[in-house]
Trainee: 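Here it is, the structure in full.
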Amino acid sequence: MRALRLDFDTRRLELADHPEPAGPGDGDVRIRLLECGVCGTDRGVAEFECGSPPAGESALILGHEAVGVVDALGPGVTGLETGQLVVPMVRRNCGPLCAMCRRGRRDNCLTGEYVERGILGLHGYLCELAVDQADDLIAIPSELADFAVLVEPASVIEKAWELALRLHPGEPRSVLVLGAGPIGILAAWCALRNGFEVTVVSREAEDSTRALLLKRHGARYARSLDGVRADVVIEACGSAELAMAAMGVMRRLGVLILLGARPAEVRLPSLDMIIGNHIIAGSVNASREHFGMAVRRLRSYDREWLAGLLHRLPLSQAAETIFTPRPGVIKAVHRISD
Ligand code: BGC
């Protein structure tokens with residue numbers, strides 16, 4: 001089958017032939033991939049900053065924001081039928097199971113011995129066929145078919161949002177989102193839907209597509225932190241420096257959630273944090289419940305808004321997309337079959 005493979009020995013990323021997965025065995029489901037989105041993590045892996053191929057192999061099939069259709073069922077699978085649209089979760093349990101993985105919260109795995117499809121030790125979905133355990137798949141209602149590729153990134157937001165509200169000991173009203181990429185936009189929409197006052201701070205010009213889109217949906221858009229005050233800050237821009245600067249505009253009891261800040265030497269405003277009862281938390285991945293919440297959230301959004309985020313391209317252009325984000329494109333999605 002055709003697959004976008006990153007070879008860790010030759011350091012090449014290319015669309016190449018790859019053996020079809022074996023199975024489906026007991027409890028497994030074979031899925032035919034329909035499309036797969038590309039994000040900053042794929043770039044990080046392709047630039048060898050993180051990630052690894054499966055044990056004993058030199059190449060990793062990239063892609064973790066996938067949508068597919070059930071193509072064959074292994075023995076003992078119940079609750080799924082061929083033809084069902086599905087989104088696979090990304091992370092797989094550590095073994096032997098830690099307390100969190102045992103509880104179904106592999107997103108909070110305690111050992112760090114988990115694997116992640118398309119990222120860490122397991123092949124991903126920028127390919128034609130994959131086999132997964134039925135438990136690792138989220139059934140998607142057919143009316144969400146055109147936007148199901150957003151379920152995985154939206155699940156990350158659901159987890160971050162739940163965490164922020166759980167950590168905030170007061171009655172937060174205002175949210176500052178750092179970054180206007182797909183995660184930033186989804187985070188802003190989520191906060192707006194929950195009745196919060198939302199400011200998005202990002203580099204794009206005030207009249208850029210992203211800024212205009214956010215303003216149209218009720219967010220305030222700014223290119224600096226001047227005059228901004230917030231109870232909750234969601235970092236989705238990759239900059240630890242900006243995240244630390246945003247702590248300076250956080251109200252008392254404020255919560256900062258880090259989603260993508262890259263390692264950096266930053267100054268921790270410890271005294272202000274203590275005086276302000278501030279909280280900083282990191283959040284990664286998402287649980288099955290968060291995937292379910294993401295499906296419900298996406299179904300509640302205007303289809304035109306969602307369509308405005310996506311730009312579909314053939315699989316043959318995926319390597320290019322990963323290395324060079326396309327100007328004007330908010331979320332690049334690669335169709336698998338052409
Ligand atoms: C994915 C997560 C994953 C994380 C770290 C993100 O892009 O959405 O599911 O856990 O990368 O590998």
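Just follow the structure's listing: the first ligand is 1, and inside any ligand the first atom is 1. Heavy atoms only: backbone and side chains are in, while hydrogens, waters and symmetry mates are out.
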Trainee: If you measure from the Lys or Arg side-chain nitrogens to the Asp or Glu carboxylate oxygens, is any gap between R91 and E116 under 4.0 Å?
Mentor: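 Salt bridge: yes.
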Trainee: Give a yes or no on whether a salt bridge exists between E206 and K215, defined as a side-chain N under 4.0 angstrom from a carboxylate O.
Mentor: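 A salt bridge links E206 with K215.
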Trainee: Is any NZ, NE, NH1 or NH2 atom of the basic residue among D7 and R12 found under 4.0 Å from an Asp or Glu carboxylate oxygen of the other?
Mentor: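 A salt bridge is absent here (no side-chain N lies under 4.0 Å from a carboxylate O).
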Trainee: Measuring from C94:SG to M100:CE, what's the distance to the nearest 0.5 Å?
Mentor: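 Reported value, rounded in 0.5 Å steps: 11.5 Å.
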Trainee: Could you list which atoms of ligand 1 come closer than 4.0 Å to a heavy atom of T41?
Mentor: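 That gives atoms 6 (C), 7 (O), 11 (O) of ligand 1.
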Trainee: Enumerate the atoms of ligand 1 whose separation from the nearest heavy atom of E152 is less than 4.0 angstrom.
Mentor: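 Listed by number with element, the hits are 1 (C), 2 (C), 8 (O), 9 (O).
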Trainee: Could you tell me whether E116 approaches ligand 1 through its side chain, its backbone, both or neither, with non-hydrogen atoms closer than 4.0 Å?
Mentor: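 Only the side chain of E116 comes within reach of ligand 1.
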Trainee: Provide the number and element of each atom of ligand 1 under 4.0 Å from a heavy atom of V284.
Mentor: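 Those of ligand 1 that fall under 4.0 Å from V284 are 4 (C), 5 (C), 10 (O).
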Trainee: Can a side-chain donor-acceptor contact be found between H290 and E162 if the only test is distance below 3.5 angstrom?
Mentor: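 Per modelled atom types, E162 and H290 side chains form a pair under 3.5 Å.
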Trainee: Relative to the heavy atoms of I119, which atoms of ligand 1 are at a distance of less than 4.0 Å?
Mentor: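 In order of numbering, the contacting atoms are 11 (O), 12 (O).
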Trainee: Show me which atoms of ligand 1 lie under 4.0 Å from any heavy atom of C39.
Mentor: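 Going through ligand 1 atom by atom, the ones under 4.0 Å from C39 are 7 (O).
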Trainee: In terms of side-chain geometry, is the basic nitrogen of D132 or R92 positioned less than 4.0 Å from the acidic oxygen of its partner?
Mentor: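 R92 and D132: salt-bridged.
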Trainee: Please could you name the atoms of ligand 1 that V90 approaches to less than 4.0 Å, counting only its heavy atoms?
Mentor: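 Those qualifying, in numeric order: 9 (O).
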Trainee: Give the atom numbers and elements of ligand 1 that come within less than 4.0 Å of a heavy atom of N285.
Mentor: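 Near N285, meaning under 4.0 Å from one of its heavy atoms, ligand 1 has 2 (C), 3 (C), 9 (O), 10 (O).
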Trainee: Where does V156 meet ligand 1, judged by heavy-atom distances below 4.0 Å: at the side chain, the backbone, both, or neither?
Mentor: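 For V156, the contact with ligand 1 is made by the side chain alone.
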Trainee: Tell me yes or no: between the side chains of T321 and H334, is some donor less than 3.5 Å from an acceptor?
Mentor: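 The answer is yes; a qualifying pair exists.
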